[in-house]
Every structure is written in C-alpha cells, then in structure tokens.
Amino acid sequence: MRLILLAVTLLVVCATGIQAANLEDKVVEHTLKNGMKLLMVERHTSPTVSAWIRFRVGSVDERSDERGIAHLLEHMLFKGTTTLGTTNYAAEKPLLDKIEVVAQELTAEKAKRTKGDTGKIAGLEKQLATLESAAARYVIKDEFFELYSKNGGTGYNAFTSRDGTTYLISLPSNKLELWAAIESDRLQNAVLREFYTERSVVMEERRRSYDAAPENKLWETFVASSFLAHPYGQPTIGWMSDIENLTRTKAEQFFHSYYTPNNAIVAVVGDIDTRKTIAMVERYFGAIKPGKEVLPVTAEEPQQAGERRIELVADAEPTVIMGFHKPAVGTPDDYVFDVINMILGSGRTSRFYKKLVIEKQVASDIGAFDAPGYRYPNLFVVSANPRTPHTVKELEDAILAELDQLKTTPVAERDLQRILNNIEYEEARRMGTNGGLARNLTEYEATTGSWRYMIEHRGKIAKVTPADIMRVAGTYFTRENRTVGFITKKGGDK
C-alpha cells in the first residue's frame, strides 16, 4: 500500500511539474482599452467554465468614514440592476430616492448619540420602514442566482478581504455569454436596493460572528493591536459604529469609483475558445468607462518596539495567538517565511504538530499562516489551543522554544526537499479544477502584480538555504516584534 501511495504521489508531482512548465504557454492574456485584464486558459476536459472577477479594492483601501463598505457592497451587488431584481424600476426609483433622504437624516441624528432627538429618531424610523415596505413590493429576490441556477450555474458566490473583492461562478461553457451579460450589466447598472435592510443584516452578522464569538473577538482585537497605523488593523466587516454610519450614497460613490474595468482582473478557465472569448468580453465590457485607480496605501506601520499582550476573559476554551511582523508577499524574506511556515505548521508532519500535539501533548491543535493580507507587510501567525491540563503559558513557551530552535539549528536538506515536493503536490491540487486555477490567476495577479508568481514560486523556494532560515528567524522572531493574544477562561488560570 505504501508503495502504491508513493507511486501516486510521484505521478502527481511529475504531472505538476509539467503543468507548471506548460502554464506559461497556456495562459492567454488580453487587456482591454479601459484597463480590464483578462486571463484565459483553455481546458477541454469537460463542457464547463469558471469565471472569476477580482477587483483590486478591499477594506485596506477604505477611508476612515468608509470602514466596512467593501464588505457591505459585496452583499449589495447581489441585489440586482435597473433591469434585474425589480418588477418596475421606474416606479421603484423615486421610493429609493426618498428612502435615502430619510435614511441620511436618521443616520445623522443617531450619530449625535445621547444628544440626538429621540422623538425625531422614532419618527424617521417609522417613515423609513413605511418607505422600505413600499419599495419592497417591486423587489424580485435573488434574480441573479435564479438566472444562473436555471442555466446550470454552480458555486455562485463572492468574498471580500482586506486586499480585494471577488465574484465567481462556474457554468456550462455554452452559457458563458450569459455571465458576460449579467456581470457587465452589474458593473454599469447596479442598484443598491434594500440597502438599509442589508446594513442591519451585516450588523447582526457582526454581533453573531464577532461580538458573541470569543475566538473571533480575540482575533479581531489581536490584529487591531498589531497594526496601529496601517489599515490592515481594521476589520473587513468594520466596527459596529462604522457599519451604523454607512449610507447608500457613500456605497454608490465607492462602487462607481473603484468597481471599474481598470481595477478588475477577469479569469476565464475551461472549455473555451480564447479568440471568441476575447471578442465576447470586448463586446460586453469594452465600452465601460474606467474609474479611479486604486492608489497604494501610503501608511507604514512603525517598527514595533516591545511585546504587546492582549487578554480576553471569556467563557470559552483557552486559546493563544502569536504574531510577528514580516514583509509583504513576493519579497525575498517572504519566500523564507513560506519555508518556515511549511516546516512548522503544514500538516501532521510539521514540527508544531509532531512535537507539541503528538509528543509533548501540550496542544490539542496548532497552525501557522500569514495574515491579515498580502499586498502589504503582514504577520506570521501561530494559533493554538492548549490541551488540558496544560495552560496557555505552557503552550506559549513551547511555541517560542520551537521558534528559537530555528535560529540556532540548521534545517536538514532532506526537510527542504520534502517541502519542495509538498509545494508541487499542493499546486497540483489547487490547479486541478477550473475554479482553483481561476482563483489563483486572479489572486496572484492582484496581490503580487503578476499571475506568474505561481509558476516562479517553487524556483524561489528552492533557493532558500538553512542559513536563510536561521537569519530570518533571528531577525523577526524577537520579543520586541511579537504580539500575543490569549483567552483566559472565566474562573480559570492562564
């Protein structure tokens, strides 16, 4: 059985090497005059296609009065356009305009907090509810979803991160023009209907997923404490007071400024003819005007000069999160961190798992990863839960001991080779589906500047030496560069 598994692994590794080598030739690039970047790969193994649109705008690009707006827009862009999601837009629009006038006034009055006129607020809330009820009569729920679903679409979804916003769908290849028609319509004619109803939904999402979830609350506080100047510290969903003060007018301005062709990367992977796909994309998207360029974030996080510790006392299992500031993706030291990540935290063969979970049994689970984004300098993070009867302090000490070992003991060459093999296996797994490849193409193009990062990555990793690992560990895994967050269970000890 072991020989069979080894043979399968070698076949996958060989296939991956061939795949990576050929990907350079298989990816067809086309840039529209309005700046939209189109990446295509023909795969004729099945009559399906995956289409991903990645916008180079995420929560890191929001101003202080816009926090949470990218995430809320993700919700809103499923609401429809002037022709989809409504039975009569001409009758609906005057009501939407009235809703915005009342909602702006209500938001401004509530922003006064204790000085707000409670009677005026109650009257405005009643007026808003009446208008929203009237406008709801014209709404067709989930028409985008229904259109895609009736035409064989699957996996219709979206997600927002600090670095960007992505909309995705997989569908039969003969329905690709439907995708082009829907998504170009959404870019040009999106209507943010039911905005304040959806804002309340997002506020409830925040209460349920963050405020009432100790581990998520610890994570949010940990990241905010790690970044004092850079907007990576702000949560993608926004703080509650941020969400409360978002308006449809702000969201529309943000959308029309940045959700534009020049800030969009489109990947179409599957049973396509690239020449015909280019013509189709030009036909549907080519006339859309470009918007504002998403400018780089100029804020730089000051060098941390001492350990920061965050404690959350909650009725939850003990948890420890440890983070160290590190460079952004694509920088020389970031490749070394990729190797360190795989040595310490990649699966059951990693040092963390073997030593802290299996041998010492000080942790019940443990993982390592980069966060909260990639475009700018970020964090190398270790997250773990102590195993009873061990404490957070014991687990923290055990983690630090493993990090210290990297500073003084060279990593064996066989371990580095194992990492290279694992990279190839993971690349094969991720690129094995149309959606996986489309995601990688848009993600790397957006965060590193070129999708070619994904085929150059292994070569960069292969150049990392044991001396590089010792140097990087010694440089970054220091007390003054460290932030530690932990949960102490109510009534218990650390």
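Positions are given from 1, in the same order as the sequence printed here.
Looking at D242, its side chain never comes within 3.5 Å of a backbone N or O of G68 through a donor-acceptor pair. In this structure, E74 contributes its side chain and T160 its backbone to a donor-acceptor pair below 3.5 Å. A donor-acceptor pair is defined here as one N or O able to donate and one able to accept, closer than 3.5 Å; no such pair exists between the side chain of S170 and the backbone of S50. Checked by atom type and distance alone, the side chain of D338 never pairs as donor or acceptor with a backbone atom of I461 at under 3.5 Å. In this structure, the side chain of D185 does not engage the main chain of A181 through any donor-acceptor pair within 3.5 Å. Although no hydrogens or angles enter the test, the distance criterion places no donor-acceptor pair under 3.5 Å between the side chain of Y284 and the main chain of E183. No donor-acceptor pair under 3.5 Å is formed between the side chain of T81 and the backbone N or O of A190. E42 places a side-chain N or O within donor-acceptor distance of the main-chain N or O of T274, the cut-off being under 3.5 Å. Judged purely by atom type and a 3.5 angstrom limit, N34 uses its side chain to pair as donor or acceptor with the backbone of I288. A distance-only check finds no donor-acceptor pair linking the side chain of N378 to the backbone of A328 [under 3.5 Å].
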If you apply the rule side-chain contact (heavy atoms from CB on, under 4.5 Å), what do you find for I469 with V464, and how did you get there? CA-CA 7 Å; I469 296 169; V464 173; 4.0 Å; yes

Intermediate values then yes/no, ring pair (Phe, Tyr, Trp, His ring centres under 6.0 Å), F144 and Y148: CA-CA 6 Å; F144 281 154; Y148 276 133; 7.4 Å; no

Go through it in stages, so that I can follow the logic: the residues are L147 and L84, the test is side-chain contact (heavy atoms from CB on, under 4.5 Å), and I'd like the CA-CA distance, side-chain angles, deciding distance and then a yes or no. CA-CA 10 Å; L147 266 173; L84 293 173; 3.7 Å; yes

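Annotation: side chain of P231 is in contact with side chain of V60 (closest heavy-atom distance under 4.5 Å). Contact of the I399 side chain with the I366 side chain is registered, since non-hydrogen atoms from C-beta on lie closer than 4.5 Å. The side-chain heavy atoms of M40 and V281, taken from C-beta on, include no pair separated by under 4.5 Å. Looking at heavy atoms from C-beta onward, P377 lies out of side-chain contact with K326 at the 4.5 angstrom threshold. The shortest side-chain heavy-atom distance between L192 and L73 falls under the 4.5 Å cut-off. The closest side-chain heavy-atom distance from D97 to R248 is below 4.5 Å. No side-chain heavy atom of T260 sits under 4.5 Å from any side-chain heavy atom of P290. Side-chain contact between P47 and P172 is absent, with no heavy-atom pair separated by less than 4.5 Å.
Taking the six-membered ring where the residue is Trp, F55 and Y259 present tilted rings, their angle falling between 30° and 60°. Ring geometry, W219 versus F369: the interplanar angle falls from 30° to 60°, so the pair is classed tilted. Ring orientation note: the planes of F78 and Y167 are tilted relative to one another, at an angle of 30° to 60°. Ring-plane geometry between W179 and F285 is classed as tilted, the angle between the planes lying from 30 to 60 degrees on a 0 to 90 degree scale.
Interatomic distance, CG of N341 versus CG of D370, reported as 6.0 Å (0.5 Å rounding). The structure places CZ of R206 at 6.5 Å from CD1 of I237, a figure rounded to the nearest 0.5 Å. The distance from atom CZ of R351 to atom CG of L403, rounded to the nearest 0.5 Å, is 10.5 Å. Taken from CZ in R199 to CD in E205, the straight-line distance is 15.0 Å, to the nearest 0.5 Å. Note: T442 OG1 to R54 CZ = 6.5 Å, rounded to the nearest 0.5 Å. Here the CD1 atom belonging to I321 is positioned 7.0 Å from the OG1 atom belonging to T319, to the nearest 0.5 angstrom.
With respect to the salt-bridge test (charged N to carboxylate O, under 4.0 angstrom), the residues R43 and D271 do not qualify. Salt-bridge check for D61 with R375: passed, with a basic side-chain N closer than 4.0 Å to an acidic carboxylate O. Salt bridge annotation for E194-K79: present, with a cationic side-chain nitrogen under 4.0 angstrom from a carboxylate oxygen. A salt bridge is defined here as a Lys NZ or Arg NE, NH1 or NH2 lying under 4.0 Å from an Asp or Glu carboxylate O, and E66 with K250 fails to meet this definition. A salt bridge between D333 and R471 is present, with a side-chain N of the basic residue lying under 4.0 Å from a carboxylate O of the acidic one.
Each of R482, Q304, E301, Q303 was compared with H325 under the side-chain hydrogen bond (donor to acceptor under 3.5 Å, both in side chains) criterion, and only Q304 meets it. Tested against Y476, the residues F380, F337, F324 include a single ring-ring contact (aromatic ring centres under 6.0 Å, His included) partner, F337. Checking K37, R439, R452 one by one against E445, the salt bridge (charged side-chain N to carboxylate O under 4.0 Å, His left out) holds for a single residue, K37.
One side chain, E100 or Y196, offers a donor N or O that lies under 3.5 Å from an acceptor on the other. R348 and Y353 are linked by a side-chain donor-acceptor pair at a separation below 3.5 angstrom, with hydrogens and angles left out of the test. Looking only at atom types and distance, the side chain of W52 has no donor-acceptor partner in the side chain of E443 under 3.5 Å away. With hydrogens and angles left out, the side-chain atoms of S161 and D163 include no donor and acceptor closer than 3.5 Å. Between the side chains of T249 and T247, not a single donor N or O lies within less than 3.5 Å of an accepting N or O. Side-chain polar atoms of E92 and N88 form no donor-acceptor pair below 3.5 angstrom. Side-chain contact annotation: N481 with T478, donor-acceptor N/O pair under 3.5 Å absent.
Other residues, nucleotides and ligands contribute only 12 or fewer heavy atoms inside 6.0 Å of the CZ atom of F145. The number of heavy-atom neighbours closer than 6.0 Å to NZ of K217, taken from other residues, nucleotides and ligands shown, is 12 or below. Residue Q188 qualifies as enclosed at atom CD: its count of foreign heavy atoms under 6.0 Å is above 12.
In terms of heavy-atom proximity, S257 sits nearest to N263 at O-ND2, 4.2 Å.
For residues 272-285, the pairs satisfying salt bridge (Lys or Arg N to Asp or Glu O under 4.0 Å) are E177-R283, with sequence neighbours left out.
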